[in-house]
Number of protein chains: 2
Amino acid sequence: MADQAKGQTERPQRRRRKMQSVTMMDVAEFAQVSPSTVSLYLRRPEAVSASAGSTIARAIEKLNYVPNLVAGGLAAASSRAVSIIVPSVRNAFFAETVAAMQNTLRKEKLQLILGHTEYDEREEEELVKTALSWAPAAIVLTGLSHSDTTRRMLQKVSVPVIEIWELGGQQIDAAIGFHHDQVGAAAAKHLIQQGRRNLAYLGARLHEDRRAKQRCDGFVEAAKSAGVTVDIVQHPAAASAEVGGMLLSEALQALPQLDGVACSNDHVALGALFECERSSISVPERLSIVGFGDLSFSAACNPPLTTIRPSGDLIGREAARLIIEHMAGKDPEPQISIDTRFTLLHRRSS
Amino acid sequence: MADQAKGQTERPQRRRRKMQSVTMMDVAEFAQVSPSTVSLYLRRPEAVSASAGSTIARAIEKLNYVPNLVAGGLAAASSRAVSIIVPSVRNAFFAETVAAMQNTLRKEKLQLILGHTEYDEREEEELVKTALSWAPAAIVLTGLSHSDTTRRMLQKVSVPVIEIWELGGQQIDAAIGFHHDQVGAAAAKHLIQQGRRNLAYLGARLHEDRRAKQRCDGFVEAAKSAGVTVDIVQHPAAASAEVGGMLLSEALQALPQLDGVACSNDHVALGALFECERSSISVPERLSIVGFGDLSFSAACNPPLTTIRPSGDLIGREAARLIIEHMAGKDPEPQISIDTRFTLLHRRSS
DNA sequence: TTTGTTAATCGTAGCGCTATGATTGGAAAA
DNA sequence: TTTTCCAATCATAGCGCTACGATTAACAAA
């Protein structure tokens with residue numbers, strides 16, 4: 001106190017709100033090494049000597065030190081966060097991918113920053129912009145269809161970009177997914193194989209859900225090229241059992257000969273199944289139903305639902321793998337595309 | 001790539017990898033104001049004059065400036081991120097809450113950092129630790145049951161902690177949710193009201209899912225205190241339609257008199273419904289079924305499923321509101337608890 | 001005029017960490 | 001011996017921003 005009263009006012013003491021009580025400096029001091037050694041130990045433990053390493057480890061333990069990832073991210077110009085942008089986590093497909101990614105990334109101490117577009121490109125653009133301002137280790141987005149601005153932003157940037165759940169369009173960098181038109185084609189082929197000749201696709205929200213549209217198109221095309229009658233019955237609302245019921249009853253009215261339907265997803269298929277029950281249409285004798293998704297209830301339906309299972313979790317795991325490899329310094333081949341395929345599960349509804 | 005071609009003086013000293021090309025300094029320079037004014041404009045636009053504001057806005061637009069949230073977070077000792085930890089996003093309940101939170105927080109430019117515990121307290125502990133190292137604006141976790149270490153970490157820390165989806169236990173700070181035992185009781189009361197006297201609870205994963213257990217207990221207690229026969233039939237696996245079918249058939253075998261069941265959730269109830277169909281048990285004449293969750297298919301079942309709807313989205317919205325208010329400086333009452341209630345939807349399965 | 005008051009703006013020291021390049025000590029090579 | 005080399009460690013300049021306190025401008029009150 002007294003020694004600071006030097007006639008003229010000294011530099012005013014600034015006080016800032018501290019983020020945390022124990023910092024890397026404290027650990028360094030306690031362990032009698034420099035902060036850089038602590039930092040090095042934390043990032044590449046094999047680069048410091050065994051003795052220094054154990055001293056530092058003890059200091060960290062003792063002081064209960066928790067590294068500040070924000071500061072680290074700023075200094076390193078890249079944070080240990082992965083930004084993932086999906087249409088909606090309420091959608092079981094994306095939830096599964098998100099969960100799988102999370103489970104793989106967690107082992108590398110990478111965090112997931114989540115965003116929903118609600119199937120809105122403008123929203124996606126906003127989310128990408130925010131995502132970039134976090135300097136993430138990677139950006140994962142859904143589908144290959146984005147606004148020009150989004151595409152431009154992402155091309156300019158140096159973080160790896162991974163597009164998931166769609167293949168076959170123009171990709172920004174890496175893409176992991178499958179061909180949705182092939183899904184539709186597989187459904188059609190299967191129904192035809194079962195002897196069905198009057199098909200329809202029960203589609204929900206085809207105007208917004210590009211991938212559902214692709215499945216529909218693939219279905220129609222395959223049916224047509226097989227010389228089979230095919231029609232589309234659709235509804236603008238999101239896929240649900242309720243919509244499925246409505247669509248099937250509409251389809252039956254319009255196409256009395258109908259003997260096989262493929263659905264936007266298993267929710268729609270479930271609704272169709274219930275509608276059959278209500279209308280005493282025997283499945284699969286009179287009508288075959290094929291869904292998409294293999295949701296949790298699909299195998300337990302009555303009859304169990306024939307469906308096509310995409311590997312949502314595989315997509316997530318592969319995306320995580322790509323990110324981890326990139327962080328490890330492996331330069332991935334540009335414009336890589338990974339086809340995770342899908343599986344037709346033939347159950348009793350067809 | 002190198003879109004910035006500034007004629008920089010050779011500095012053989014240190015060069016660091018820059019995170020971004022255009023910074024707040026650039027904007028300030030362009031707009032002829034100081035960086036602090038730009039910062040102020042970005043955080044509290046009403047605090048700068050209209051003229052300065054519009055100049056800055058123009059500069060931002062012109063230079064295509066994207067703020068660096070990592071740097072901001074470090075300087076402010078708190079990032080614009082909210083950490084949310086749920087058992088799993090594959091679970092529709094939590095997915096709904098996450099989505100609702102996201103939708104509210106997005107308006108405030110807050111990001112969601114997601115973590116999954118997979119119903120493992122040790123994992124939760126790890127996630128909380130990582131979450132804290134992001135200096136989030138708030139931490140949201142699921143349920144009131146945590147490890148001692150987790151609880152200690154969170155009590156020590158100054159960020160707001162919100163526990164969701166459970167009420168009635170010892171809470172760390174804020175809690176938003178409802179009483180699960182009341183859900184069970186409501187189901188029991190409803191079944192009794194429908195004239196049912198031989199009840200059973202079909203429970204999945206009761207040993208791990210604390211909240212499912214509470215619903216079960218509430219159900220049993222309410223039934224007992226009404227003097228009605230009641231039993232529990234359970235399975236260690238996660239709730240699914242498949243498990244539901246198994247549980248119901250087991251229950252019918254053990255309790256031939258059975259005339260009413262409540263289920264862990266609507267997946268289980270759906271499975272029970274299918275089992276009834278397979279076994280030609282008429283619902284609700286011979287057996288009433290009550291679910292939990294009001295999942296997307298519940299209203300479209302045949303018969304439509306009586307169920308109890310929790311307000312997963314309300315929980316998310318309220319959590320977001322609390323966080324936003326806290327950030328706005330409002331000091332929330334400590335230990336606040338918000339009961340979001342639930343609704344019994346009486347449909348034709350009971 | 002001076003003084004006080006308020007609104008708007010500014011200057012700049014950190015926030016905690018990482019990356020770069022420098023330095024060190026001791027063993028191996030000459 | 002001297003020189004070289006390398007692994008281990010260190011010193012420190014930022015990363016881009018926010019918040020604090022200071023300063024200025026504008027105008028009313030004394």
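Letters go in sequence order (proteins before strands), and every chain restarts at 1. All figures in this text were calculated on a predicted structure; none of them were measured in a lab.
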Between [options], which nucleotide gets closest to the side-chain atoms of [X]?
X     : options               : answer
A:A75 : D:dT9, C:dG16, D:dC17 : C:dG16
A:A76 : D:dT9, C:dA19, C:dC17 : C:dA19
B:A71 : C:dA8, C:dC15, D:dC17 : D:dC17

Below 4.0 angstrom, which residues in residues 54-67 of chain A have at least one non-hydrogen atom near DNA chain C? A:Y65, A:P67
Where along residues 32-39 of chain A does a heavy atom come under 4.0 Å from DNA chain C, residue by residue in number order? A:S36, A:S39
From [atom1] of [X] over to [atom2] of [N], roughly how many Å is that when rounded to an integer?
X     : N      : atom1 : atom2 : answer
B:L42 : D:dG16 : CG    : P     : 16 Å
B:Y41 : D:dT18 : OH    : P     : 14 Å
A:E46 : D:dA7  : CD    : P     : 13 Å
A:E29 : D:dA11 : CD    : P     : 12 Å
A:D26 : C:dC15 : CG    : C1'   : 14 Å
A:N68 : C:dG16 : CG    : C1'   : 6 Å
A:R80 : C:dC17 : CZ    : P     : 15 Å
B:M24 : C:dT9  : CE    : C1'   : 15 Å

All heavy atoms of B:S145 vs all of B:E121, minimum pair found to be OG-OE2, 3.2 Å
Heavy-atom donor-acceptor pair, [X] side chain to [Y] backbone, under 3.5 Å:
X      : Y      : value
B:R106 : A:G115 : no
B:D26  : B:T23  : yes
A:S337 : A:A175 : no
A:S79  : A:W134 : yes
A:T142 : A:I85  : yes

Just to confirm, is there a sub-4.0 Å distance from OP1 or OP2 of D:dA19 to any side-chain nitrogen or oxygen of B:R43? yes
Kindly say if A:T23 contacts the phosphate of C:dC15, meaning a side-chain N or O under 4.0 Å from OP1 or OP2. no
What is the nucleic acid contact for A:L69, judged by heavy atoms within less than 4.0 Å: base, sugar-phosphate only, or nothing? nothing
Please list, chain by chain and in numerical order, all residues satisfying salt bridge (Lys or Arg N to Asp or Glu O under 4.0 Å) with A:E325, sequence neighbours excluded. A:R321
Counting heavy atoms not belonging to B:E46, are there more than 12 under 6.0 Å from its CD? yes
Stepwise side chain to side chain contact (heavy atoms under 4.5 Å, CB included) test for B:Y65 and B:L42: CA-CA 11 Å; B:Y65 168 66; B:L42 253 22; 3.8 Å; yes
